[in-house]
Asker: 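Right, I'll just put the structure down here and ask away after.
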Amino acid sequence: MLREAREVVERALKEKTGLSDVALADGGEHADLATTVAFALAIIRKQPPVKIAAEITQALAADPALKALDIAVETKGPYINFRFGSAYVRGSLKAAVQPGYGSLPKRQERVVLEHTSANPNGPLHVGHIRNSIIGDTLARAFRKAGYRLEVQYYVNDMGRQIAIVVWGFTNLDSGQQPGEKEDAHIARVYIAANREIEKDEGITQQVDKLMQLVEGGDAATVKKFRKEVARCLDGFAVTLKDLNVAHDRFVWESDFVRNGDTARIIGLVKKLPQAREEETLALDLSEFGFTNKYVIRRSDGTSVYAARDLAYHAWKSRNFDRAIDVLGADHKLIGAQLICTLKLLGEKPPEIVHFEFVSLPEGSMSTRAGKFVSADDLIAEVTKQAFDEVTVRRPELPEDQRRTIAKSVALAAIRYDIVKVSPEKSTVFDWKEALDFERQSGPYIQYAHARACSILEKAGEFPECYDLADESEITLAKQLARFPAVIQNVVSDLRPHLLAIYAREVADTFNSFYHFEPVLKSEGKVRDRRLTLVKAVQNTLKEALETLGIDAVRTM
RNA sequence: GGGCUUGUGGCUUAGCUUGGACAUAGCGCCGGGCUUCUAACCCGGAUGUCGGGGGUUCAAAUCCCCCCAGGCCCGCCA
């Protein structure tokens, strides 16, 4: 409802002012929408802004489009405020109780979203899952916003790290320990192999040889690489499932070598005026502000990651209308070079969402050095803590039900803790925060939802009533009305944390309402309209939580 | 050294792209609230040179410049 009302107001303002930018903004505590356009007009018309604001307000007051939507206009000094009336509130409430609330009209564009794509040389850690959770939340938001979406994981199965893993499995004592997860096993061998390399530089040549063999398509070597990568991915699959993160397709990097795409793209790169072919093939992108050379092919003839990535993105460009990548901040430079080169090749470049690093209190994480907190450990610890909490609060529930709730609570705590922070902030992983299930947490929002469910359950059947009256009711309904616009903003700005903040704000407002306004104990019309409002809150929270990849549990 | 990025009460954080009405919320602290729809909750209070300095503007947390501090990057790694 907000999106529609905003459009009407914006159109009317443009008409009355003749400006293309009417500075329409959220009204905060003053109004539902507000504009400071009078300041801009004051300069043009050389009149005081207060006078201009009054004139515009008068002109808008007579506008039939605003009247039809029951939008009141008033001036407060130079500010023009818009206040939505009962028709808006009614329409908002009616929309918010519909199944699937928040979904936007279907679109035809096909979007490909790549996220996680961690190197398969060890388990996913708390840095990787920032990628997974941002990516998965964006994916859910895109689907809710009506897009046709395919989510991909790009499997780096032929990099140096994997060659080191394979070298380790061939040359070191590398048996799997009982109960050891595949990805943890691979990390152990990878770490051990790196220690050997530090001691003996000759090993690097053996690793290089492995890389040449795999690029050349040597059957036995390819098989070894595939085997370890696949095992690591099996481990990832368990972690990602626990995090409620899903991919539609795993795209293997080596496929772009095997099918000739990489050779083809290298051929095209060679013809670019920026190409510099000496021993290596590289691009000189200095005219675009890049100071380093962008290497595409090694002097031994093998391709580097950049070449295969170009092939992958050219493929995305041909098969999708839009491509979105979620990548760590360490990929900023190569991401910009990738985009630059794709443009030179006449391909659609991806839109890249970068997120900053997660470090540990003792310093940055490193798989190679074995310095990381694995996602599996995090999940196990948070789940254990959640089970204890559920047991304290609901001792009467059978254990299996407490376990089920604990699992959902843990998932909510982890996902929310990560997605609530703006991606551009680097963070330090903090166990205390990860294990906090109170204010500004996922469980806090789940709890508000469970409270709403509990009321609805006890209420039984009731006739829906959309005529809200009390200030607290109207405030809440207006907040629910913002949900579709929030979904819209998440996909247009590629900022999933906006949804996290919004869901928390709805929970805040509802908890306050819950405390002051009796629902089941009120009578007649009041009971009906409040129950309808509770249903709308429950429905909105459910849709918001599910878009965040969090279970909207009915009891906890 | 160069580039990108972050810096908001003791701690964490929203707002910054699109400059405007007393800067958002949480933790922690102080004080209240469970015979009442689940207290994973609610209400009140104290706490801010929006890193520092200049500039643009009627108006700057928000835009521009300089400086300081942290993170990331600058590889024939990925």
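Proteins get letters first, then strands, A, B, ... in listed order; numbering begins at 1 in each.
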Asker: Name the closest nucleotide to the A:I501 side chain, picking from B:rA14, B:rU38, B:rC42.
Answerer: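 Among B:rA14, B:rU38, B:rC42, the one nearest the side chain of A:I501 is B:rA14.
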
Asker: Find every protein N or O atom lying less than 3.5 Å from an N or O atom of nucleotides 19-29 of chain B, and list the pairs.
Answerer:
from, atom 1, to, atom 2, distance (Å)
B:rG20, O2', A:Y79, OH, 2.2
B:rG20, N7, A:T36, OG1, 3.2
B:rA21, O4', A:Y79, OH, 3.0
B:rA21, N6, A:N81, OD1, 2.8
B:rA21, N1, A:N81, OD1, 3.1
B:rA21, N1, A:N81, ND2, 3.2
B:rC22, N4, A:E29, OE1, 3.1
B:rC22, N4, A:E29, OE2, 2.1
B:rA25, O2', A:Q440, NE2, 2.5
B:rG26, OP1, A:R439, NH2, 3.2
B:rG26, O4', A:Q440, NE2, 2.9

Asker: Distance from A:C465 atom SG to A:R530 atom CZ, nearest 0.5 Å?
Answerer: 11.5 Å

Asker: Has A:R3 got a side-chain atom pairing as donor or acceptor with A:A485's backbone, closer than 3.5 angstrom?
Answerer: no

Asker: Using a cut-off of 4.0 Å between protein heavy atoms and nucleotide atoms, how would you tag nucleotides 64-70 of chain B 5' to 3' with B, S and -?
Answerer: -------

Asker: Sort me out a list of protein N/O and nucleotides 73-77 of chain B N/O pairs below 3.5 Å, or just none if empty.
Answerer:
from, atom 1, to, atom 2, distance (Å)
B:rC76, O3', A:R298, NE, 3.4
B:rC76, O2, A:S299, N, 2.9
B:rC76, O2, A:S299, OG, 2.8
B:rC76, N3, A:S299, OG, 2.7
B:rC76, N4, A:E279, OE1, 3.1
B:rC77, OP2, A:R298, NE, 2.4
B:rC77, OP2, A:R298, NH2, 2.8
B:rC77, O3', A:R298, NH2, 3.4

Asker: If you check the A:Y514 side chain, which of B:rA39, B:rA78, B:rU17 turns out closest?
Answerer: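 Side chain of A:Y514 sits closest to B:rA39.
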
Asker: CZ of A:F516 versus P of B:rA39: gap in Å, rounded?
Answerer: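 Those two atoms, CZ and P, are 14 Å apart.
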
Asker: When rounded to the nearest Å, what value does the distance between P atoms of B:rC64 and B:rG3 take?
Answerer: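 The answer is 15 Å between these two P atoms.
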
Asker: Nearest 0.5 angstrom please: A:D528 CG to A:L533 CG, how far?
Answerer: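 Reported value, rounded in 0.5 Å steps: 12.5 Å.
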
Asker: Between N or O atoms, less than 3.5 Å apart, protein on one side and nucleotides 7-11 of chain B on the other: list the pairs.
Answerer:
from, atom 1, to, atom 2, distance (Å)
B:rG7, OP1, A:K425, NZ, 2.9

Asker: For residues 449-462 of chain A, run the donor-acceptor check on the side chains, cut-off 3.5 Å, and write out each pair with its distance to 0.1 Å, sequence neighbours left out.
Answerer:
from, atom 1, to, atom 2, distance (Å)
A:H449, ND1, A:V553, O, 2.9
A:H449, NE2, A:Q538, NE2, 3.1
A:R451, NH1, A:N511, OD1, 2.8

Asker: Sorted by first residue and then second, give each ring-ring contact (aromatic ring centres under 6.0 Å, His included) pair with at least one member in residues 405-428 of chain A; sequence neighbours left out.
Answerer: none

Asker: Any side-chain to backbone donor/acceptor pair from A:E473 onto A:D470? Under 3.5 Å, distance only.
Answerer: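 At least one qualifying donor-acceptor pair exists.
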
